[in-house]
K.L.:
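Just passing along the structure, written as structure tokens.
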Amino acid sequence: MRFDVGARVSFASRRDGRLTGTLVKFNRKTVTVITEDNRQWRVPPEILSPIQNVETETTVVRHDDNRCK
């Protein structure tokens, strides 16, 4: 899978569990990712998973609400 600089990615760390961040640089054998807590990680690209952008403005309708009849 090919990633571009600026892509949102996630990866698993043995110590910190699953982390998410932004890919900022390609090196010869690794890529550099800045995580949401502003830590910099150099990881092999094969452990990355893409993160899809999800719209946050989703309306949820509760069917058990009497006003929604």
K.L.:
Find out if a path of hydrophobic residues (ILVMFWY) with successive side-chain heavy-atom gaps under 4.5 Å connects Val24 to Val43.
P.N.:
no
K.L.:
Could you grab the distance from atom CD1 of Ile51 to atom CG of Leu23, nearest 0.5 Å is fine?
P.N.:
11.0 Å
K.L.:
Considering residues at least two apart in sequence or located in another chain, which fulfil the side-chain contact (heavy atoms from CB on, under 4.5 Å) criterion with Glu36?
P.N.:
Arg8, Thr20
K.L.:
Holding to side-chain contact (heavy atoms from CB on, under 4.5 Å), I want the full list of residues that pass it with Arg18, two or more places apart in sequence or in another chain.
P.N.:
Ser10, Ala12, Ser49
K.L.:
By side chain to side chain donor-acceptor pair (under 3.5 Å), which residues pair with Arg39, not counting sequence neighbours?
P.N.:
Asp16, Asp37
K.L.:
Please walk me through it: do Val33 and Leu48 pass side-chain contact (heavy atoms from CB on, under 4.5 Å)?
P.N.:
CA-CA 10 Å; Val33 176; Leu48 296 179; 4.2 Å; yes
K.L.:
List for me each residue that meets side chain to side chain donor-acceptor pair (under 3.5 Å) alongside Asp4, sequence neighbours excluded, and say none if there are none.
P.N.:
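Only Arg2 meet the side chain to side chain donor-acceptor pair (under 3.5 Å) criterion with Asp4.
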K.L.:
Sequence neighbours left out, what pairs pass ring pair (Phe, Tyr, Trp, His ring centres under 6.0 Å) with at least one residue falling in residues 30-50?
P.N.:
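Qualifying pairs: Phe11-Trp41.
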K.L.:
Keeping to residues at least two apart or across chains, list the ring pair (Phe, Tyr, Trp, His ring centres under 6.0 Å) pairs with something in residues 15-38.
P.N.:
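Not a single pair qualifies under ring pair (Phe, Tyr, Trp, His ring centres under 6.0 Å).
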K.L.:
Is the shortest side-chain heavy-atom distance between Phe3 and Val9 below 4.5 Å?
P.N.:
yes
K.L.:
Once rounded to the nearest 0.5 Å, what's the spacing between atom CD of Gln40 and atom CD1 of Ile34?
P.N.:
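Answer rounded to 0.5 Å: 4.5 Å.
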